[in-house]
Amino acid sequence: MGLTIDALRVQLGKRTVLDGISAALDTGRVTALLGPNGAGKSTLLRAILSLIPGEGTVALDGEPVSALPPRVRARRLGYLPQTGELAWNIPARSVVELGRAPYRTPFAALSERDEAAIEQAMALTDTAQFADRLTGELSGGERARVLLARVLAGEPDWLLADEPLASLDPAHQVDMLDRLRKFADGGRGVVVVLHELSHAARIADDVMLLKAGRLLAHGPAPEVLRPELLSEAYGIGFERHGPAIVPVR
Amino acid sequence: MKRRTAFAVLAALVVAGFLLSLIAGKVWVPFSAWGSADPRWWIIVELRLPRALLGLAIGATLGLSGAVLQGYLRNPLADPALIGVSSSAGLGAVIAIILGFGAAPLILFGSAMAGAAAAVILLGMLVGRSGSALAFILAGTVLQTLAGSLTAFLISVAPNPFALAEIMGWMMGALTDRSLEDAVRAIPFMAAGCAVLTLSARSLDLLSLGEETARSLGVRPGRLQALIALGTGLAVGSAVAASGVVGFVGLIVPHLVRPLVGQRPSDILLPSALGGAALVLFADSFVRLAPGTEEVRLGIAMSVLGTPFFFALLMRFRKDHAWA
């Protein structure tokens, strides 16, 4: 199953944030979205999800995403936003349950299928042990796992994650990366916005490198994560030290 | 407290409040007089039953709509007055009084409902297709301010002191001298509004994750906003049309029930309705029991209750956010 982006252009106010983005992404692979601040990475995720209007087409298995009914779209594309907003202090399990919303009618109780998906998502993210704890009492790492479990509970074909490692310590960052990798290895697609190039080198099969709203490069990670391409995108030099890609002046 | 226990306690409070509302007043009517030829029974049938029914419905309506708006705006200080429906319904009623229809309950009710309907339509026009909660509050504030200033203008040009007194009395909110017809007229609108509002329950839960994430999970912001505007218009509009402006219920009650049933927006809807009904029934019984020949207006009593409530809220906030 593929996600195809064709000549995508997004304008926010008078500013063109994305211009002429075209790419074909496959399931079973992790695609990292890289680029300097303001390059349009988060906007690209939101445009793929049809959360903001844009010109051009984003299609899922040939079907335009914008034409899908919202609930159908929600079942296929899972979104893990950067903010991790939780307005109310509710139990972790209640947060995960929200991931099943696209499958439920307004007043229906959770079905057996819903319960199974929730249990599985919590098992995959190791969150079952604090299912009853309020989110306000969780650490940053636990909270991030609960929010990931919320997306996984929806059993989407694609997981679109916007900087899921922000505010996590190195151990939790590696943990989160491994979980995303595992999700893709299960035959689903992952598109993830990252800032740390070493993380991209660790997890990504493919990299989309953005600069000022344009796609500078797209291809297998080793081909894109080259110092000369990265320098062009970020405007500073890079050196490889083993698996690490280090910026230099 | 377990949810089931909380429901039972709140339901018991509603029943107790309803019974108190029938029994209590300047004349106490013991159970022995119920259904008998005792003239006090007619006090219940003619005066107190309509009042208790309206108190029950208005309290439930205000509690529920407060819970819905707090969930929708993700703001625990939101209340139905915030979106201008109450003040617009109030303006509608004031226009009717100024035109000399203060003693015509049907016209007064219709005019208040027309005010609420106008508010909902204007709200929709002002917000447009954005579906944004922030635009909703801003549009509500515009309406609230406009309706408030027009009401103040009409008060300033009131044709005579009687009309002025009538307006002031009405605006302070009360359930005094309501008939069974008043209750029968208003309650179906309140019930319909509440039914519409409950349709938003699942979306309110999803909004906990933020507006954009909720959209990614299938919430249609424009549709949700229309549901909430329509539901509040029907429910709060008819509540204000029946009783005048009774504030604070929608603001206070969700805060009171959250410690009992948790904070998930859909979980507090029914408890807020029950809590609102109990609060208004008890408050209305106590205003009748206050010494003096004139009753304290229900709206004033609720405002008086609101002050210590906010004081307690402020103290808790200061304690929770105190720097070490």
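Below, chains carry the letters A, B, ... as their sequence lines are ordered, and counting in each starts from 1. On a predicted model such as this, the values are computed, not experimentally measured, just so you know.
- For chain B, the option among Asn89(A), Leu86(A), Leu98(A), Leu51(A) with the highest count of heavy-atom pairs below 4.5 Å is Leu51(A).
- Neither the backbone nor the side chain of Ser200(B) comes within contact range of chain A; no heavy atom of the residue lies under 4.5 Å from a heavy atom of that chain.
- The two residues Arg258(B) and Trp88(A) make their nearest non-hydrogen contact at NH2-CH2, 3.6 Å.
- Val219(B) places none of its side-chain heavy atoms less than 4.5 Å from the side chain of Pro70(A).
- Both the backbone and the side chain of Ser94(A) come within less than 4.5 Å of a heavy atom in chain B.
- Counting only heavy atoms from C-beta outward, the side chains of Arg215(B) and Tyr79(A) never approach each other to under 4.5 Å.
- Here the side chain of Arg71(A) pairs no donor or acceptor atom with the backbone of Gly218(B) at under 3.5 angstrom.
- Across all non-hydrogen atoms, the minimal contact from Gly210(B) to Glu85(A) is CA-OE1, 3.4 Å.
- The greatest number of non-hydrogen atom pairs below 4.5 Å with chain A, out of Arg220(B), Glu212(B), Arg264(B), is found for Glu212(B).
- Contact annotation for Arg46(A): only side-chain heavy atoms (C-beta onward) come within less than 4.5 Å of a heavy atom of chain B.
- In Glu112(A), the CD atom is not crowded: 12 or fewer heavy atoms of neighbouring residues, nucleotides or ligands sit closer than 6.0 Å.
- Minimum interatomic distance between Arg150(A) and Thr213(B) (heavy atoms only, all atoms of both residues): NH2-CG2, 3.2 Å.
- Annotation: the span from Arg75(A) atom CZ to Leu217(B) atom CG amounts to 12.0 Å, rounded to 0.5 Å.
- Contact annotation for Asn75(B): only backbone heavy atoms (N, CA, C, O) come within less than 4.5 Å of a heavy atom of chain A.
- Counting heavy-atom neighbours within 6.0 Å of Phe311(B) CZ, excluding the residue itself, gives a total of 12 or less.
- Annotation for Ser216(B) and Ala74(A): closest pair O-CB, 3.2 Å, computed over non-hydrogen atoms.
- The environment of CD in Gln11(A) is crowded: more than 12 heavy-atom neighbours from other residues, nucleotides or ligands sit within 6.0 Å.
- Considering CD of Glu211(B) and OG1 of Thr83(A), their distance stands at 11.5 Å, rounded to 0.5 Å.
- Using a 4.5 Å cut-off between heavy atoms, Thr135(A) makes no contact with chain B at all.
- Scanning all heavy atoms of the two residues, the minimum distance from Arg202(B) to Ala108(A) falls at NH2-O, 3.2 Å.
- For chain A, the option among Gly71(B), Ser208(B), Ser203(B), Gly262(B) with the highest count of heavy-atom pairs below 4.5 Å is Ser208(B).
- When heavy atoms are compared at a cutoff of 4.5 Å, Pro102(A) approaches chain B by way of both its backbone and its side chain.
- Sparse packing is recorded around CE of Met125(B), with 12 or fewer heavy atoms of other residues, nucleotides or ligands lying under 6.0 Å away.
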